[in-house]
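Keep in mind that the numbers below use all heavy atoms, side chains included, and drop hydrogens, waters and symmetry copies. Remember, it's a predicted structure, so these values are computed and weren't measured experimentally. In what follows, residues are counted from 1 in the order of the sequence shown.
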Amino acid sequence: MTIVDLAPAEEVRELRERYRAFMDAHVYPNEAVLAREDEVTDVLISKLRERAKSEGMWAPHIGPEVGGTGRGFLAYAYLNEIIGRSVWGQLVFGCQAPDAGNAEILQIYGTEEQKERWLRPLVAGEIRSYFAMTEPEVSGADPTGLRAKAVRDGDEWVIDGHKWFSSGAEGAAFAIAMVVTEPEAPPHRRMSQIIVPADTKGLEIVRAVPVFGHVGRGWSTHCEVLFTGVRVPVANTLGEPGDGFSIAQKRLGPGRIHHVMRWLGQMQRAFELMCGRALEREAFGGPLAEKQTVQNWIADSAAEIQACRLLTLDAAHKIDQGDEARVEISLVKFYAARVLQDVIDRAIQVHGALGLTNDTPLATMYVMARGGRIYDGPDEVHRMVVSRRILKAFAEDGGWEFS
């Protein structure tokens, strides 16, 4: 592979400009309204989503065969550098987490009936969904310890369990629940993923868990959820019983790189704000841009952002070639999460007290960036995955090949 292999095609370059123009005209000017998260926001979101659809920019994460406009991971990475610059971009273009990940596994593992009932309206933006895996009583980093269970009773599953940080659960049409169905099987074969309609008896959203003081509304919530004697058809199982862990890996891998793609946009926006502020703000006889510390922050940020871009594009290219790219995804996930936080922090410091206010997007970006080091696997787990695979290669093959 060469850098040329990672270059965007002419079609993608043109698309980037279209997304950039849309963001400039419709998203950035409306961020204050979008951040209100009220009924006025709902109306605006609906209008912007319809405009995105009419302009052929809808659901770029998934292919046309199920209603999206996706052109593969590499193209999506380039588009997300634009979409990800605003927290609201992913929702406007119908490629928001967790729906994007749920759509991908429904496309791969869903039956025709499941696709018709859940996938097509999900991709169309007619409904939302959530992924119920994390539990308050056990470590989310080790899904083999999950306690939520489903017991088969004839043609039904009976589900009991306690979940939380089920993002977007408020107002969603269905959950994909990760639960233990094969308790006697080996650890990675004990779990299944089951589609649970939101109106099923016994399914209760207890609360939206506040995150750094933000409760959220609808899509932006992270909910605590109880399953008490919840009955759904066995036909709602994704794949086969016991496939839950392998499906989760298939879902979380692309989901992680989707996050990183969006973070590239956040990094670059924070970087631009930092440079602009450094040039215009004067202190101690000259602009901040002349201070060595600020110059170092700018140089370090530029190097780290470019490194993140190349790591992300490399992983996306490999996925398009049929490689699961597990090492590449884990590597860029923990590296980009730190860079994102560092770049935004530097930008806030250059802005001074202004950076702590909502007069710039930096404060909101910073709060959300901190979560990136935890969700979809904490940094420490991804480091462990990378190091284990590298050491295994050394033990078995005598070395590690960088490619």
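- Side-chain contact of Asp38 with Thr41: a donor-acceptor pair under 3.5 Å is present, judged by distance alone.
- The neighbour count for Lys250 NZ, taken as heavy atoms of other residues, nucleotides or ligands under 6.0 Å away, does not exceed 12.
- Counting only heavy atoms from C-beta outward, the side chains of Val343 and Arg346 approach each other to under 4.5 Å.
- When side chains are defined from C-beta on, Val138 does not count as touching Pro143, because their heavy atoms never get closer than 4.5 Å.
- Between Arg190 and Glu184 there is no salt bridge, since no side-chain nitrogen of the basic residue lies less than 4.0 Å from a carboxylate oxygen of the acidic one.
- Side-chain N/O atoms of His259 and Asp376 include a donor and acceptor closer than 3.5 Å.
- Side chains of Thr181 and Trp157: no donor on one and acceptor on the other come within 3.5 Å.
- Under a 3.5 Å cut-off, the side chain of Thr200 and the backbone N or O of Val230 do not form any donor-acceptor pair.
- Here the side chains of Arg189 and Asp243 are in contact, with some heavy-atom distance below 4.5 Å.
- Salt bridge absent: Asp314 and Arg309 never bring a charged side-chain N and a carboxylate O closer than 4.0 Å.
- Under the 6.0 Å cut-off for aromatic ring centres, His162 and Phe227 do not qualify, their centroids lying 6.0 Å or more apart.
- In this pair, His61 and Tyr76 present their aromatic rings tilted. The plane angle is within the 30 to 60° band.
- Counted by atom type alone, Gln107 and Glu65 present one or more donor-acceptor pairs between their side chains at under 3.5 Å.
- For Thr228 and Glu204, the side-chain atoms include no donor-acceptor pair closer than 3.5 Å.
- Annotation: Arg51, atom CZ; neighbour count of heavy atoms from other residues, nucleotides and ligands within 6.0 Å does not exceed 12.
- Without hydrogens or angle criteria, Lys163 side chain to Met133 main chain gives a donor-acceptor distance under 3.5 Å.
- Between Ile159 and Val196 the shortest side-chain heavy-atom distance falls below 4.5 Å.
- A 4.5 Å side-chain heavy-atom check between Asn102 and Arg251 finds at least one atom pair inside the cut-off.
- Counting heavy atoms from C-beta on, the side chains of Ser166 and His222 never come closer than 4.5 Å.
- In terms of heavy-atom proximity, Gln266 sits nearest to Gly84 at NE2-O, 2.8 Å.
- Note that CE of Met274 is 8.5 Å distant from CH2 of Trp297, once rounded to the nearest 0.5 Å.
- The only option from Tyr28, Phe93, Trp58 that meets the ring-ring contact (aromatic ring centres under 6.0 Å, His included) definition with Phe22 turns out to be Phe93.
- A salt bridge is defined here as a Lys NZ or Arg NE, NH1 or NH2 lying under 4.0 Å from an Asp or Glu carboxylate O, and Glu156 with Arg231 meets this definition.
- Around atom CD of Glu240, no more than 12 heavy atoms belonging to other residues, nucleotides or ligands sit under 6.0 Å away.
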With salt bridge (charged side-chain N to carboxylate O under 4.0 Å, His left out) as the criterion, how do Arg373 and Asp379 come out once you've worked through the C-alpha distance, each side chain's angles and the decisive distance to 0.1 Å? CA-CA 6 Å; Arg373 294 185 55 207; Asp379 290 358; 2.7 Å; yes

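- The aromatic rings of Trp118 and Phe174 sit tilted, their planes meeting at an angle between 30° and 60°.
- Other residues, nucleotides and ligands contribute at most 12 non-hydrogen atoms within 6.0 Å of the CZ atom of Arg388.
- Scanning all heavy atoms of the two residues, the minimum distance from Leu91 to Arg49 falls at O-NH1, 2.5 Å.
- The backbone N or O of Ala173 lies less than 3.5 Å from no partner atom in the side chain of Arg128, so there is not a single donor-acceptor pair.
- Residues Pro241 and Glu182 come closest through the heavy atom pair CB-OE2, 3.3 Å.
- More than 12 heavy atoms of other residues, nucleotides or ligands sit less than 6.0 Å from atom CD of Glu396.
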Run the numbers on Arg85 and Glu272 for salt bridge (charged side-chain N to carboxylate O under 4.0 Å, His left out), then give the verdict. CA-CA 11 Å; Arg85 289 171 63 90; Glu272 291 168 9; 2.7 Å; yes

Using side-chain contact (heavy atoms from CB on, under 4.5 Å), reason through Trp263 and Lys333 one step at a time and then give a plain yes or no. CA-CA 10 Å; Trp263 294 346; Lys333 169 63 167 62; 3.9 Å; yes

Please evaluate residues Phe73 and His317 with respect to the criterion ring-ring contact (aromatic ring centres under 6.0 Å, His included), reporting the C-alpha separation (whole Å), side-chain torsions for both, the decisive distance (0.1 Å), and the verdict. CA-CA 7 Å; Phe73 274 86; His317 176 74; over 10 Å; no

Hey, mind stepping through Arg277 and Gln349 against side-chain contact (heavy atoms from CB on, under 4.5 Å) and telling me if it holds? CA-CA 10 Å; Arg277 179 71 170 181; Gln349 199 71 8; over 6 Å; no

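- The closest donor-acceptor contact from the side chain of Thr364 to the backbone of Pro361 lies at 3.5 Å or more, if one exists at all.
- Salt bridge Glu116/Arg120: present, at least one basic N to carboxylate O contact under 4.0 Å.
- Remark: the backbone N or O of Pro8 is paired with a side-chain donor or acceptor of Arg13 at under 3.5 angstrom.
- Between Lys53 and Glu50, at least one side-chain N (NZ, or NE/NH1/NH2) sits under 4.0 Å from a carboxylate O, which counts as a salt bridge.
- A salt bridge links Glu31 with Arg269; the closest basic N to acidic carboxylate O contact falls under 4.0 Å.
- Each of Ile62, Asp99, Val66 was scored for a side chain to side chain contact (heavy atoms under 4.5 Å, CB included) with Leu122, with one residue passing: Asp99.
- Minimum interatomic distance between Val180 and Leu146 (heavy atoms only, all atoms of both residues): CG2-O, 3.4 Å.
- Under 4.0 Å is where a charged nitrogen must lie from a carboxylate oxygen, and between Arg20 and Glu81 no such pair does.
- Formation of a donor-acceptor pair under 3.5 Å by the Asp320 side chain with backbone atoms of Leu74 is found in this model.
- The shortest non-hydrogen separation linking Ile298 to Cys275 is CG2-SG, 4.0 Å.
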Does the pair Lys318 and Glu328 meet the rule for a salt bridge (charged side-chain N to carboxylate O under 4.0 Å, His left out), with working shown? CA-CA 9 Å; Lys318 287 176 177 173; Glu328 290 81 0; 2.9 Å; yes

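- For the pair Ile176 and Ile194, the minimum side-chain heavy-atom distance is 4.5 Å or more.
- Ala235 approaches Gln114 most closely through the heavy-atom pair O-NE2, 2.8 Å.
- Using a cut-off of 4.0 Å between Lys/Arg side-chain N and Asp/Glu carboxylate O, Arg217 and Glu170 are scored as not salt-bridged.
- Side-chain contact between Thr221 and Ser167 is absent, with no heavy-atom pair separated by less than 4.5 Å.
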